[in-house]
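Here's the structure we're looking at; comments come further down.
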Amino acid sequence: MDSETPRHAENLVAPRLAKLDRLRDIGIDPFPHNFERTHTSAGALSEFEEGKEDSPVCSVAGRLVRFNRMGKSAFVHIQDGAGRIQLYLQKNVLGEEQFKRFLDLFDIGDFLGASGTLFRTRTGEVTVRVESLHMLSKSLRPLPEKFHGLSDHETRYRQRYLDLIAGSEVRRTFRMRTVIISEIRRILDGRGYLEVETPILQPLYGGGSARPFVTHYNVLGRDFYLRIADELYLKRLIIGGFDKVYEISKDFRNEGIDRTHSPELTMLECYEAYVDYEEIMRLTESIVAQVATKIYGTPVVDTEAWRLDFTPPWRRISFSDAIRHQTGLDIDDYPDAAGIAEAAAQFGVIVDPDLGRGKVLDSLLEKLVNPLVEEPTFIVDYPVETSPLAKRRVDDERYAARFEAMAAGIKFANAFSELNDPLDQRKRFEEQAQARAAGDEEAQVLDEDFLLAMEHGMPPTGGLGIGIDRLTMLLTGHRNIREVILFPQLRTKN
RNA sequence: GGCCCGCUAGCUCAAUUGGCAGAGCAACGGAUUCUUAAUCCGUGUGUUCUGGGUUCGAUUCCCAGGCGGGUCACCA
């Protein structure tokens, strides 16, 4: 018994250890190497429904999850990756010895393999009439209760395997997450995008506004950063001549953890040469609508949490209109940080003006507008101070050609016409350096190597980032990011 | 990090205005050859998160800590 096992739990483990010994005593390996199954649970059920044979023969395997003993017979359910199937065990079919062995030595939680013929019970359930039965792996600990399942969040996250065993909704959510990612790949591959891999350990972090995790590279003798974004490397590839590139990978941001933030997050970033953010908006709508359709057969996501219609085109509102509608303020009337900070304070948004006008405007949007956005919406044309890597609008240099996408109060995409003027880019970095000096720890760091690349010429480019975790939340109806991350980070127990 | 809430059996939850800790499921023993949260008979398995304090007596009250949840701040 390991040290984590409470003493009283031994009462639950000991009988199973005894059964393990008895299995070995009668020459049965409780942990055999394999089992030749012919069908998954779902495969067996559909074969029966197709009715090509009267009583199809099959071998199935899975974890024992329900156990109804009926004296000389028993109904049990096993669960595999495809679902559940019922087995019917009869003393006169299995023989006295094998039947008794099952009753005496098998427990809920064990993996077993069974072979037999399919039939339909009186109550209509397609079931395997078992002719031979095999122990595939003995379970030594009890599973969570069958009806209520596991509801303690801490245990669900720390022992996710128990959550997955007990909850079909949980399994469904994570299968959807995988479908979302593979469908995005399929869409981008189909459009001629090249999937690439760029460094996770970076000598300088950039491409986003966040504090990084720091690590040490022994052989190079210096600190490196876990990336907060892929952006500056993907742009180097655009400069290098790949017209369309994307990467789906983890970013790391050393920030708070809450319902919509995980320090380790999965991000899609894609860049396409010769297009602007208008085209990227259409791409974004198309990706999300197609992914939703892949899952639900329609772009309408109708869950317990919300109903969201991702059918393009989505609603669009400019940054300044969004602020104006919410506050009556025209942000153009406040060209400096001090003025807008004072105006924001009237709405309970308190920001130190030393951090810059962009920071104040960001806060206004974040606090007063974003939480109220329910329908899928593009907020477009961000003040240039908030967008150090985005191109200025042609008609108004105070604004950047940038959008963010949100729904149900959750921001899930950020995109812009990428700044490709190296002189303007240098200026923007310098402004960020000032903000950093004033105390903005998330301000971007000047990256000479990136500027050098841009000085060699970068084509006009549209770029997009989609938070995969958040998109998964929206598409699966979860309000907490931990529900869509298999192993969310928790404090370690000692 | 601040504030608020929670932690009781393997699981889901009760209860104790400070006085022997109790249900269902699971488990264990028995009955049952068509069950579906099977049913019927019997058995309660516990460091009430941890450490202090107050008290004749603490699971309950007080203090500190741990872990979790919510919220605020920061970020996507």
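Every chain is numbered from 1 and lettered A, B, ... according to where its sequence line falls, protein lines coming before strand lines.
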Can you check the distance between B/rA27 and B/rC11, where both ends of the measurement are the C1' atom (answer in whole Å)? 12 Å
In whole Å, what separates the P atom of B/rC75 from that of B/rU17? 49 Å
Is it possible for you to check whether A/R172 lies under 6.0 Å from the centre of the six-membered ring of A/F174, through NZ or CZ, and within 45° of that ring's axis? no
Hunt down the Watson-Crick or G-U wobble partner of B/rA37, both distances under 3.5 Å, from any strand shown, or write none. none
5' precedence on RNA chain B between A/R491 and A/R253 (nearest-nucleotide basis): A/R491
Specify the residues of residues 88-99 of chain A, ordered by number, for which at least one heavy atom lies under 4.0 angstrom from an atom of RNA chain B. A/Y88, A/Q90, A/N92
What nucleic acid atoms does A/G149 come within less than 4.0 Å of, heavy atoms only: base, sugar-phosphate, or nothing? sugar-phosphate
So does A/T492 get a side-chain nitrogen or oxygen closer than 4.0 Å to the phosphate oxygens (OP1/OP2) of B/rC67? no
Once hydrogens and angles are ignored, does a donor-acceptor distance under 3.5 Å link the base of B/rU35 to the side chain of A/E125? no
Please collect all ring-ring contact (aromatic ring centres under 6.0 Å, His included) contacts where either partner lies in residues 348-385 of chain A, sequence neighbours excluded, each pair once. A/W314-A/F378, A/F319-A/Y382, A/F378-A/F403
Protein-nucleotides 24-28 of chain B N/O pairs closer than 3.5 Å?
unit_1: B/rG24; atom_1: N2; unit_2: A/E145; atom_2: OE2; d: 3.3
unit_1: B/rA26; atom_1: OP1; unit_2: A/K146; atom_2: NZ; d: 3.0
unit_1: B/rC28; atom_1: OP1; unit_2: A/K19; atom_2: NZ; d: 3.0

I want to check a possible cation-pi pair here: A/R129 against A/F119, using under 6.0 Å from ring centre and within 45° of the ring axis as the test. yes
Confirm from the modelled atom types if A/T121 and B/rU35 form a donor-acceptor pair under 3.5 Å, side chain to base only. yes
Now, which nucleotide makes the Watson-Crick or G-U wobble pair with B/rU47, with each of the two distances under 3.5 Å? none
Whole angstrom is fine here: how far is it from CG in A/N68 over to P in B/rU35? 10 Å
Is the side chain of A/K138 donor-acceptor paired with the backbone N or O of A/L105 at a distance under 3.5 Å, no angle test? yes
Using atom NZ of A/K100 as one end and atom C1' of B/rA31 as the other, report the distance to the nearest whole Å. 16 Å
Euclidean distance for C1', B/rU45 against B/rC25 (whole angstrom): 14 Å
